[in-house]
Amino acid sequence: MRPHTNGGNVTVPNVRLNNGVEMPQLGFGVWQVSDDEAEKAVSAALETGYRSIDTASAYENEAGTGRALRASGIARDELFVTTKLFNSDQGYDSTLRAFDASMERLGLDVLDLYLIHWPVPSHGKYVDTWRAFEKLYKDGRVRAIGVSNFTVGTFERLFAETDVKPVLNQVELHPYFQQAGLRAFHQEHDLRTEAWSPLGQGRGLLEDPALAPIGEAHGKTPAQVVLRWHLQLGNIVIPKSVTPERIAQNFDVFDFELTESEMAVIADMDADRRLGPDPATFDWMG
Ligand SMILES: NC(=O)C1=CN([C@@H]2O[C@H](COP(=O)(O)OP(=O)(O)OC[C@H]3O[C@@H](n4cnc5c(N)ncnc54)[C@H](OP(=O)(O)O)[C@@H]3O)[C@@H](O)[C@H]2O)C=CC1
Ligand SMILES: O=C(O)C(=O)[C@@H](O)[C@H](O)C(=O)CO
């Protein structure tokens with residue numbers, strides 16, 4: 001897809017995935033948004049100019065997301081839709097069935113990006129699951145396949161036992177949890193890093209006293225500073241909001257640049273502070 005604009009002064013750059021597919025660097029996430037609310041929030045995001053939407057079967061809002069995509073009237077090739085396979089659907093045949101069910105709910109024929117939501121190493125099924133992802137990819141049902149919450153250990157097994165390399169890993173990443181080691185591993189293996197909870201779930205991070213002065217220097221909010229930090233690191237970001245002003249604010253992050261010293265101030269905020277579950281042990285089956 002082309003780098004997209006909002007018809008105004010904002011152009012969202014694309015990143016090129018390792019299979020050549022182009023993906024917007026800024027998208028919109030819908031975790032903890034009800035199906036009806038997702039329809040409204042995704043509509044507001046599309047109206048603002050977002051073109052990449054991140055949902056998951058576990059969010060139970062694929063249908064509302066699909067309704068908003070259709071109602072927008074935006075051409076399919078201008079949109080980039082990601083959904084995720086839930087843990088309890090892992091396994092070869094169950095993955096193929098779960099994919100069809102997600103596509104039915106979304107109302108799509110071809111998906112842009114399908115992710116294994118969590119590796120659940122104790123379940124021992126992510127390699128079989130990936131083989132089903134490879135089939136969906138080779139059959140042209142999905143343009144790119146990737147993973148979420150994978151660790152170096154889970155990648156090593158995946159690389160050793162399967163053929164198609166994931167295009168990216170979607171992981172928890174924000175100034176309090178910067179994942180430098182994992183980001184370096186991704187770079188070494190030509191995988192993109194996608195940050196989930198990029199704003200730290202709005203739980204304290206945005207009030208950190210280090211961010212306000214940086215924002216004031218650029219006439220931006222702490223949330224915009226944090227999103228700019230992600231973009232300058234090269235991360236793909238998918239902030240969530242159900243608040244129209246914040247949806248617009250989070251999109252307006254392409255007209256300023258953080259200096260090296262401002263980037264260094266944010267680098268110093270790293271506290272190894274995870275907000276979500278640890279992927280090495282997370283085995284929630286819903
Ligand atoms: N793969 C995975 O395992 C996971 C993936 N994700 C994905 O990542 C997306 C983003 O992560 P998420 O956990 O939702 O959290 P975010 O880091 O995007 O933060 C969302 C929270 O911040 C608030 N917020 C948003 N923008 C602003 C702003 N400009 N100023 C102040 N507060 C703001 C929102 O409030 P409000 O909505 O009220 O405006 C909401 O409470 C998810 O929606 C999902 O798509 C998330 C978790 C795990
Ligand atoms: O939002 C997601 O994609 C998640 O996987 C989270 O819901 C995760 O399951 C979690 O944070 C549970 O507490």
Is it the case that the side chains of [Y] and [X] hold a donor-acceptor pair, with the cut-off being a distance below 3.5 Å and no angle test?
X    : Y    : result
T193 : H186 : yes
Q224 : R228 : no
W31  : D54  : no
E62  : S102 : yes
Q25  : H230 : no
T221 : Q249 : yes

Report the C-alpha separation of T151 and L182 in whole Å, then their side-chain angles, then the decisive distance to 0.1 Å, and conclude whether the side-chain contact (heavy atoms from CB on, under 4.5 Å) test is met. CA-CA 7 Å; T151 57; L182 191 56; 5.8 Å; no
[X] versus [Y], closest heavy-atom pair with distance:
X    : Y    : result
L46  : S72  : CD1-CB, 3.7 Å
P175 : V226 : CD-CG1, 3.8 Å
D283 : S122 : CB-OG, 3.8 Å
P277 : F282 : CB-CD1, 3.3 Å
F254 : T11  : CG-O, 3.7 Å

Are side-chain heavy atoms of [X] and [Y] found at a separation under 4.5 Å?
X    : Y    : result
L69  : I74  : no
L168 : M23  : yes
L85  : H117 : no
V167 : R192 : no
K84  : T55  : no
Q178 : D272 : no
D89  : T95  : no
P121 : T154 : yes

Hey, is [X] close enough to [Y] for a salt bridge, meaning N to O under 4.0 Å?
X    : Y    : result
D112 : R51  : no
K220 : D252 : yes
D163 : R131 : no

If I take atom NE2 from residue H174 and atom CH2 from residue W196, how far apart are they, to the nearest 0.5 angstrom?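 Interatomic distance, H174 NE2 to W196 CH2, rounded to 0.5 Å: 7.0 Å.
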Interatomic distance, Q170 atom CD to S148 atom OG [nearest 0.5 angstrom]: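 The CD atom of Q170 sits 4.5 Å away from the OG atom of S148.
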Count the heavy atoms belonging to other residues, nucleotides or ligands that lie under 6.0 Å from [atom1] of [X], then report whether that count exceeds 12.
X    : atom1 : result
D109 : CG    : no
E104 : CD    : no
E260 : CD    : no
R16  : CZ    : no
E161 : CD    : yes

Derivation of the side-chain contact (heavy atoms from CB on, under 4.5 Å) call for V15 and E22: CA-CA 6 Å; V15 295; E22 302 267 345; over 6 Å; no
Tell me whether [X] contacts the main-chain N or O of [Y] through its side chain, where contact means a donor paired with an acceptor under 3.5 Å.
X    : Y    : value
T243 : E245 : no
S52  : P24  : no
E207 : G202 : no
T259 : E262 : yes
E134 : V164 : yes
N169 : F150 : yes

Aromatic ring proximity W284/F86, centre distance under 6.0 Å: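 Ring centroids of W284 and F86 are less than 6.0 Å from each other.
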Taking the six-membered ring for Trp, are Y114 and Y137 ring centroids under 6.0 Å apart?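 No, too far apart.
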Intermediate values then yes/no, side-chain contact (heavy atoms from CB on, under 4.5 Å), W229 and L258: CA-CA 7 Å; W229 170 80; L258 300 177; 3.9 Å; yes
Name the residue from V242, I238, N61 that meets the side-chain contact (heavy atoms from CB on, under 4.5 Å) definition with V30.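 Among V242, I238, N61, the one meeting side-chain contact (heavy atoms from CB on, under 4.5 Å) with V30 is N61.
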Face-on cation placement of R141 at F99 ring, 6.0 Å and 45° thresholds: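 Not satisfied by the 6.0 Å and 45° rule.
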Is the NZ or CZ atom of R273 both under 6.0 Å from the centre of the six-membered ring of Y176 and within 45° of that ring's axis?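 Cation-pi check for R273 and Y176: passes.
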If hydrophobic clusters are built by linking Ile, Leu, Val, Met, Phe, Trp and Tyr wherever their side-chain heavy atoms come under 4.5 Å apart, do L233 and F185 end up in the same one?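 Cluster IDs for L233 and F185 match.
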Full working for ring pair (Phe, Tyr, Trp, His ring centres under 6.0 Å) between F28 and F251: CA-CA 9 Å; F28 184 72; F251 193 73; over 10 Å; no
Pair D36, R67 - check salt bridge (charged side-chain N to carboxylate O under 4.0 Å, His left out), show working. CA-CA 9 Å; D36 283 345; R67 287 195 298 277; 3.4 Å; yes
Take Y92 and K135 through the test side-chain contact (heavy atoms from CB on, under 4.5 Å) and record every step on the way to the result. CA-CA 10 Å; Y92 189 87; K135 176 174 170 50; 3.1 Å; yes
